[in-house]
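Here, residue 1 is the first one in the sequence, and each next residue gets the next number. Keep in mind the model is a prediction, meaning the values are calculated, not measured.
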Amino acid sequence: MESGRGRLIEAARVLLAEQPGRVPSTRELCEAAGVGAPTLYHHFGDKDGLLQAVTEQAFADYLERKRAVPRTGDLLADFAAGWNMHVGFGVANPALYELMYSRADRQQFRAAQTAEAELRRGLERLADAGLLRIGVDDATALTTAMAIGCVTRLIHDGGSADGPLAETMRAALMLQLTGQRQQLDPIDDAAAQLLARLGSAPGLFTAAEEALLRQWLRTLTENATPQQDEAEHGANR
């Protein structure tokens, strides 16, 4: 039988998904989980502790999938793919993303701090390679602001994480950060996004099917060939 802690986490996840933009009350969470308030207080301290645990679990699962995606060896392509995965996570988890970034006390949510630390490491790699034309602090603030704005707009409009808006904002960000225009090959980009999303829908595939699909997608991403914008390439000759 599932523990009271597990039932509370699942209840919070379901209620947040069913009513995006609205935080359920302690009473609603306990009723949905079939436990009393003392159980919630025992495991999480208070409602915010439960919401933080739900957010951190979902983000940890996402990071595990993201880190499993092999790097291509092209720092710009890898950074752009990371943007795609982050936007995809936000669009797929609107309520959790709002908890991470939209609340005045969002610093309580360690998932947001983890996301910023991961972003900073990626930007530091670009800086060390001489690819970043602004400081890491400014680049971190700019990327975070653009990512939050992009995800928020996509959620509001019901847009796609791989649609024109997300691609345009990614291109604008990359140009501002590096002075270079870059586009990923559509097939390689799609493979990387699918690989990052594997495991986000339990029960969709058997273990053997998921392992085989993961192997195929890894093959595609490991042989990725980033495509530079031809017009700018020609202009810089």
Side-chain angles (χ1 to χ4, degrees), residues 1-69 82 85-119 144 147-148 151-152 154-156 158-161 193-214 217:
M1 184 175 180
E2 190 176 17
S3 68
R5 185 181 192 280
R7 292 202 302 274
L8 280 163
I9 287 179
E10 178 62 16
R13 187 190 65 79
V14 170
L15 289 176
L16 287 167
E18 289 177 347
Q19 304 178 63
R22 178 182 177 275
V23 177
S25 67
T26 297
R27 180 176 180 178
E28 289 172 322
L29 289 164
C30 291
E31 289 180 349
V35 301
T39 301
L40 186 152
Y41 300 142
H42 170 72
H43 289 293
F44 303 104
D46 56 18
K47 181 180 71 174
D48 277 349
L50 170 57
L51 296 176
Q52 180 162 249
V54 173
T55 304
E56 288 177 0
Q57 180 174 301
F59 195 72
D61 291 344
Y62 154 75
L63 280 182
E64 184 177 352
R65 297 192 299 272
K66 181 179 179 181
R67 289 167 178 164
V69 177
M85 294 176 200
H86 180 95
V87 172
F89 169 80
V91 171
N93 301 274
L96 297 180
Y97 197 83
E98 182 178 358
L99 283 174
M100 286 175 61
Y101 290 112
S102 296
R103 295 179 56 177
D105 60 349
R106 73 175 181 85
Q107 288 302 321
Q108 292 184 4
F109 286 84
R110 288 186 291 272
Q113 297 172 350
T114 301
E116 184 167 316
E118 288 278 317
L119 169 61
T144 300
I148 294 173
V151 172
T152 301
L154 290 173
I155 291 172
H156 179 271
S160 169
Q193 290 191 56
L194 284 172
L195 188 54
R197 295 288 296 277
L198 276 182
S200 61
L204 187 59
F205 300 107
T206 66
E209 290 170 340
E210 182 172 324
L212 183 58
L213 181 55
R214 192 178 294 276
L217 293 173

Look at atom CD of Gln19 and say whether more than 12 heavy atoms of other residues, nucleotides or ligands are closer to it than 6.0 Å.
yes
For the CG atom of Leu119 and the OG1 atom of Thr144, what is their distance to the nearest 0.5 Å?
5.0 Å
For the pair Tyr62 (side chain) and His86 (backbone), establish whether a donor and an acceptor sit closer than 3.5 Å, ignoring hydrogens and angles.
yes
Start with the C-alpha distance between Leu16 and Leu99, add both sets of side-chain angles, then the distance that settles side-chain contact (heavy atoms from CB on, under 4.5 Å), and finish with yes or no.
CA-CA 10 Å; Leu16 287 167; Leu99 283 174; 3.9 Å; yes
If every non-hydrogen atom of Val91 is compared with every non-hydrogen atom of Ala161, which pair is closest and at what distance?
CG2-CB, 4.2 Å
Between Leu15 and Ala32 the two heavy atoms that sit nearest each other are CD1-CB, 4.0 Å
Euclidean distance, Glu56 CD relative to Gln113 CD, rounded to 0.5 Å:
9.0 Å
Listed partners of Ile155 passing side chain to side chain contact (heavy atoms under 4.5 Å, CB included), at least two apart:
Pro94, Val151
Any chance you could measure Thr39, atom OG1, to Arg5, atom CZ, to the nearest 0.5 Å?
13.0 Å
Sequence neighbours excluded, the answer for side chain to side chain contact (heavy atoms under 4.5 Å, CB included) partners of Ala33 is Arg7, Leu8, Ala11, Val35
How far apart are the closest heavy atoms of Ala111 and Phe59, and which atoms are they?
O-CE2, 3.6 Å
Rounded distance (nearest 0.5 Å) linking atom CD of Gln57 with atom CD of Glu10
9.0 Å
Taking every heavy atom of Lys47 against every heavy atom of Leu40, the minimum-distance pair comes out as N-CD2, 3.8 Å
Excluding sequence neighbours, so at least two apart, what forms side chain to side chain contact (heavy atoms under 4.5 Å, CB included) with Ser25?
Arg27, Glu28
Tyr97 OH to Ile148 CD1 distance, which is reported to the nearest 0.5 Å
5.0 Å
Closest non-hydrogen atoms of Thr55 and Met100, given as atom of the first, atom of the second and distance, are CG2-CG, 3.2 Å
Write down the atom of Tyr41, the atom of Asp46, and the distance for their closest heavy-atom approach.
CD2-CA, 4.2 Å
May I ask you to test the Val54-Phe44 pair for a side-chain heavy-atom distance under 4.5 Å?
no
